[in-house]
Amino acid sequence: MATITTRPDIYEEPKVNYLNESKGIISWLTTLDHKRIGIMYLIGVLTAFFIGGMSAVLIRTELLYVGQTLPFDDWQNMYNKILTVHGAVMVFLFIIPGIPAAMGNFVLPLQLGAKDVAFPRLNLMSFYLWCFGFVFFVAALLAGGLDTGWTFYTPYSTTTETGGVTLALTGAFILGFSSILTGLNFIATIHILRPPGMTMFRMPLMLWALYATAVIQILATPVLAITLLLSIAERVLGVGIFDPALGGDPVLYQHFFWFYSHPAVYIMILPAMGVVSELIGTMCHKTVFGYKFIAFSSIAIAILGFLVWGHHMYTSGQSEVLGIIFSLITMSIALPSAVKVFNWLTTMYQGSIDLRTPMWYAMSFIWVFSIGGLTGLPLAAISTDIHLHDTYFVVAHFHYVMVGGTVFAFIGALHYWWPKMVGKMYNETLAFIAWVLFFWGFNQTFFIQFIMGSNGMPRRYSDYAAGTMTEQFQNYHFWSSIGTYIMACGFFLMAGVFLTSLFSGRKAAANPWGGNTLEWHTSSPPPHHNFIGDEAPEVGDPYDYTPYVYDEDTDGYIHKDHIKGASA
Amino acid sequence: MSEAAHAHDGHDHPAHVAHHFLNNEQQVASGKLGMWAFLATEILMFGGLFCAYFVWRVHYPEAFDIGHQYLNSFWGAFNTVVLIASSFTMAWAVRTAALNKRMPTVILLGLTLLGGLGFMCVKYVEYSEKWDHGLFPGKHFYAPHGMVESHDEGGAAELKLAEGQAASNTPGTALPGAAQVAAETFGANDEPAEAAHAGHDEKSHYPTHTKAEMRAAFPFFSIYFLMTGLHGIHVLVGIGLILWIMIRAYRGEFSAEYNAPVDLVGLYWHLVDLIWIFLFPLLYLI
């Protein structure tokens, strides 16, 4: 490097790092290193994303045209099964573990200047549980599949003979414990392993987001556990809790299920919002505006998220008064979410914006998540929800927040932390093109579905009518499906970009973006114990970008204190 | 007595402190926070079952009136005393471990273990008595003993449950629902059963009810087996953990500096005890 640095241990690529310090698959499968566990999780959740994504392509292909499109016998039941696989795999195997397990595991101890999470063995156990859950889901598919929808609503889920249901319920139960253990780990780590000088309000906002997520994980997921156990008991023993003939109530299942599953969607989005705070701060080289507001809004969303489950059940027969209470609280969740959006925009204003791929993902997140969030309001209001419930409007809403929100943030995080994780850069131009395809394909697929839904197209239907009255559905479905194929191209290009980077990417700088959170104070990739010399780096303001100087030779940023010859 | 060396592989920390912690205080604090957070998750999981209990209790109070006559409050109280005593010996063991007293710790943990085993034995006796009388959870529920001809008050026991019966069968691909089995077992309300004395079966002092009353009591037995079953599984896990800690204590692994595992297993055991303290009155007494 032309610029002479006093800290070559940070700025030059180390010969021994966490990736090569021990070799062989057993050393990976029995590792206690959070970075390796994070990488294994990443491979796992991306595999699940591929499976879920391929099922989505099949769904949309069936819906391209009226009548049967896919060449299956009994295609309508097959459609229900593919639909359920798409939902269950995406929710339980990809998006819930997603950012916390794959990115959080890697980044959290680094951002704390710690050597590892509080409970490394529990961390590995979480990963094994994820794998067991995956195996059970595969077993469910091989045992005859499941066609209940990812929500496993009773009475169908407790009485159908479809072979894979009990296995899938067990798989989801196991995955729940994977999630709980990750949450326990993160809470203990953030409370206890912070270095001196890093008070809660000097933590990066990513950690506030992961903390709020972990609180939801440990409080909500056990309720899912008991709900699934009760469903299994109903199927295997016939205990009758959800069966009216035996004194049970199928709507009780919905209450139990949504008591977890609504907070679960905040498990999905809060880490994504944390990622966006990091991306915007660093890529705009400007302190994130309103730090405390963003931190507290994460906690507020976590708390309020427990109080709104009934908004999934307005048409289930629950009392009107209850519905009104749920509706009001649901609408109030828009407030802390909006606070974040305004703070991000204010951060961008007059910042020095580095318009590379992570920033494209962060900006598009704001746009797409806002649409998703705003379309939650007609669903929160009972009167409009009666019309929109179980239509494509709901499908579009949650895909805008889950894909437009979480997946965009996840991919942005992947591009942002990729140099740190593997020590290589990726091709910026191709990554940008992949973003274009993903953004365009995503909006084409799902924006049309808002219109379809408000015109009455129901969800989970394998077919729809053609004819003069409903010809519109044919057009909408067709163009929506084309959007899916464009999105798929974007994902395949993205996969190509990352794989090429692994094999022939340019060496990455220690700090390619100019961030000041502690993970950028170590080499890319980091050593086994995270920081050179086992010492935690000095804690500063995580969003102070002023001391960094860009070095062209390494395409990275160097802290001015580390430049030889610089005045003290 | 402990073997915890203060030099370890050339590092300058005690052997029992894991590498990623700065010091013992951090390790202990993490363990405690982690265990308390885990206990919170257990409370939420059982909370779902308590919620189901209350929903059923509010809708079918008669099920609980009939059903809990089949529970023996003496054995329930005995189990409660046993668990509370075992919590006491557990807490004491945490203290002796911190005071470096090896054998007292082992003995106290052994007593705790006996308490847990005793609890499971009583549970076995209770469960097997019920199963002998056909009181299984769910679709295997039948109650051949003590079925009497409908006595006059029997009419009051014909409940909403009977109305739901007709609506139970889902056509096509459906598992043989518990409702079907119940219908086949109990038949119509007025089907006579084996004659016996009203009130109690003289031979075994086991209560007797009409078929209609037994069908009405069905929800009680479902929730009884679910709650005590899940609790029993947690007791078994606790027994395993206490055995593990007892072996480690015997080997002299605990000391004034390092006794967190005893403490944390103790916390788990206290929760198991606490959950039983709620289960006992809800199922046996009221």
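Only a predicted model underlies this, so the values are computations on that prediction, with no experimental measurement involved. Here is the naming used below: chain letters follow the sequence lines, and residue numbers restart at 1 for every chain.
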With a 4.5 angstrom heavy-atom cut-off, is it the side chain or the backbone of [X] that approaches chain B, or both, or neither?
X      : value
A/V117 : backbone
A/L219 : both
A/L193 : both
A/L181 : neither
A/I218 : both
A/A118 : both
A/L230 : side chain

Quick check: closest heavy atoms across [X] and [Y], and the distance to 0.1 Å?
X      : Y      : answer
A/G38  : A/N105 : CA-CB, 3.9 Å
B/L283 : B/Y53  : CD2-CE1, 4.0 Å
A/L210 : A/P100 : CD2-CA, 4.0 Å

Who wins among B/G47, B/G48, B/G229, B/A18 for the most heavy-atom pairs under 4.5 Å with chain A?
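It is B/G48.
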TODO: Determine which residues belonging to residues 266-274 of chain B lie within contact range of chain A, meaning some heavy atom pair is under 4.5 Å apart, and list them by number or answer 'none'.
DONE: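 The list, in residue order, is empty: none.
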With no hydrogens and no angle check, is any side-chain donor or acceptor of [X] less than 3.5 Å from a backbone partner on [Y]?
X      : Y      : answer
B/S30  : A/A188 : no
A/N530 : A/A114 : yes
A/Y253 : A/F152 : yes

Inset, instruction - Check the pair A/Y211 / A/H191 against ring pair (Phe, Tyr, Trp, His ring centres under 6.0 Å), numbers first and verdict last. - result: CA-CA 9 Å; A/Y211 182 72; A/H191 270 295; 5.2 Å; yes
Heavy-atom proximity to chain A below 4.5 Å, by part of [X]:
X      : answer
B/F221 : neither
B/L22  : neither
B/L49  : both

Quiz item: Looking at B/H234 versus B/F46, is the centre-to-centre ring distance below 6.0 Å?
Solution: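 Distance test on ring centres: under 6.0 Å, yes.
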Legend entry - The single option from A/Y266, A/Y260, A/W258 passing ring-ring contact (aromatic ring centres under 6.0 Å, His included) against A/H262: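 Passing option: A/Y266.
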Before you tell me yes or no, could you show the steps for B/F225 and B/Y127 under ring pair (Phe, Tyr, Trp, His ring centres under 6.0 Å), namely the whole-Å CA-CA distance, both residues' side-chain angles and the distance that decides it to 0.1 Å? CA-CA 9 Å; B/F225 280 111; B/Y127 271 25; 5.1 Å; yes
request  = Hey, could you give me each pair passing side chain to side chain donor-acceptor pair (under 3.5 Å) that has a residue in residues 214-230 of chain A? Not counting sequence neighbours.
outcome  =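 Applying side chain to side chain donor-acceptor pair (under 3.5 Å) to every pair that reaches into residues 214-230 of chain A, excluding sequence neighbours, yields A/S179-A/Q217.
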